[in-house]
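I have placed the structure first, in the form of structure tokens, so that the comments after it can refer back to it.
In what follows, residues are counted from 1 in the order of the sequence shown. All heavy atoms count here, side chains included; hydrogens, waters and symmetry mates do not.
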Amino acid sequence: IDSRITVRKVSGEKSSRIVRNINRIKSIHSWIKEDSIEVLIGFTYLASYVAIISAFLLKVKIVITERTDPGNASKLMRLIKRILYRRADGGIFQTDYVRGFFKGIIKNTIVIPNMIDSDNLPSALNYKERDNRIVSVGRLDSLKNYEFLIDAIYNIQDQLIDYTVDIYGDGELFDDLQEQINRLGLNSLVFLRGRTKDVCNKIRDAKLFVFSSLVEGFPNVLLEASAMGLPIVVLDSPSYAQRDLLRDDRYSVIVTNNDPKAFAQAILTVLNNPCDDNLIAERCTYIREKYNSANIGKQWLQFIDNVYKNK
């Protein structure tokens with residue numbers, strides 16, 4: 001951590017959620033006064049709630065962020081946001097779709113996507129260097145929609161004889177998904193690999209990355225996969241940025257039909273069209289330059305400065 005950064009911990013973090021948030025509000029309120037904080041950023045919607053309440057009656061600029069799909073929130077949560085976010089001086093969102101939810105509520109807003117550490121990201125491999133693997137990464141829960149993905153693979157298993165499908169991640173549906181794999185007779189094709197701290201190196205040699213999630217903010221793993229030159233098949237959703245991030249060509253297909261057979265057909269379409277290494281290299285360069293940490297960090301700093309000076 002940079003020496004200019006001070007990390008402070010709130011006591012009582014093992015308490016109940018209500019007590020924990022009260023402690024956070026009290027602590028942040030006192031820190032704002034003690035350190036003369038000028039801009040307070042809530043990173044995620046819950047942290048944004050805490051930031052707004054903590055800053056009550058204090059002269060501090062507030063920037064809120066949304067990192068998930070607000071359209072998936074309950075009516076009560078939407079109402080809370082409409083009330084609290086009116087006190088925000090700025091809002092940072094990952095996509096225009098999410099930004100649109102708060103039009104007329106927060107005046108000063110901007111879309112800034114996630115960043116990647118381009119310098120430490122593994123380089124792209126030539127297509128001939130890649131293994132016959134299809135990979136996916138994500139938590140094994142209902143929103144990641146892996147049951148759908150496994151059904152899609154089942155529909156084309158006879159055409160994937162030389163392939164393996166490796167799913168990296170853990171979660172409450174691990175046993176259910178393994179039972180589905182067993183029931184469909186896919187044990188020699190689909191593998192639940194569990195969690196890994198080295199995701200990029202685990203997937204970089206695959207011939208295809210698939211993503212079937214129903215709800216996302218701006219999935220970093222999709223960004224990283226694209227920056228490493230992996231062809232991609234992704235299920236469409238209005239909540240995240242695949243339309244901006246991916247070029248809907250033979251190397252990146254966005255499936256708009258929520259049908260396992262349509263998803264399966266898209267997988268075959270990409271696998272049956274070997275990648276042009278020059279085009280892959282061009283795409284990798286574009287993604288790495290546009291989303292590198294220096295570029296995205298600069299956008300954050302410029303917006304925060306804009307909010308601070310807009311007195």
Phe102 and Phe93 aromatic ring geometry - parallel, tilted or perpendicular at 30°/60° bounds: parallel
NZ/NE/NH1/NH2 to OD/OE distance under 4.0 Å, Asp166 and Arg193: yes
Arg86, CZ atom: more than 12 neighbouring heavy atoms under 6.0 Å: yes
Sole candidate of Asn182, Ile150, Val190 that passes side chain to side chain contact (heavy atoms under 4.5 Å, CB included) when paired with Leu177: Ile150
Contact list for residues 102-124, test side-chain hydrogen bond (donor to acceptor under 3.5 Å, both in side chains), sequence neighbours left out: Arg67-Asn114, Gln94-Asn114, Arg99-Thr109, Asn108-Asn306, Asn114-Asn220, Asp117-Asn120, Ser123-Arg204
Parallel, tilted or perpendicular, as decided by the 30° and 60° cut-offs, for the rings of Phe209 and Phe211: parallel
Qualifying residues under salt bridge (Lys or Arg N to Asp or Glu O under 4.0 Å), relative to Arg24, sequence neighbours excluded: Glu13
Pair Glu282, Asn278: side-chain N/O donor-acceptor within cut-off below 3.5 Å: no
Lys207 with Asp162: basic N within carboxylate O range, under 4.0 Å: no
Contact list for residues 40-57, test side-chain hydrogen bond (donor to acceptor under 3.5 Å, both in side chains), sequence neighbours left out: none
Flag for Gln265-Asn155: side-chain donor and acceptor within less than 3.5 Å: no
Short N-O contact, Asp2 and Arg4, less than 4.0 angstrom: yes
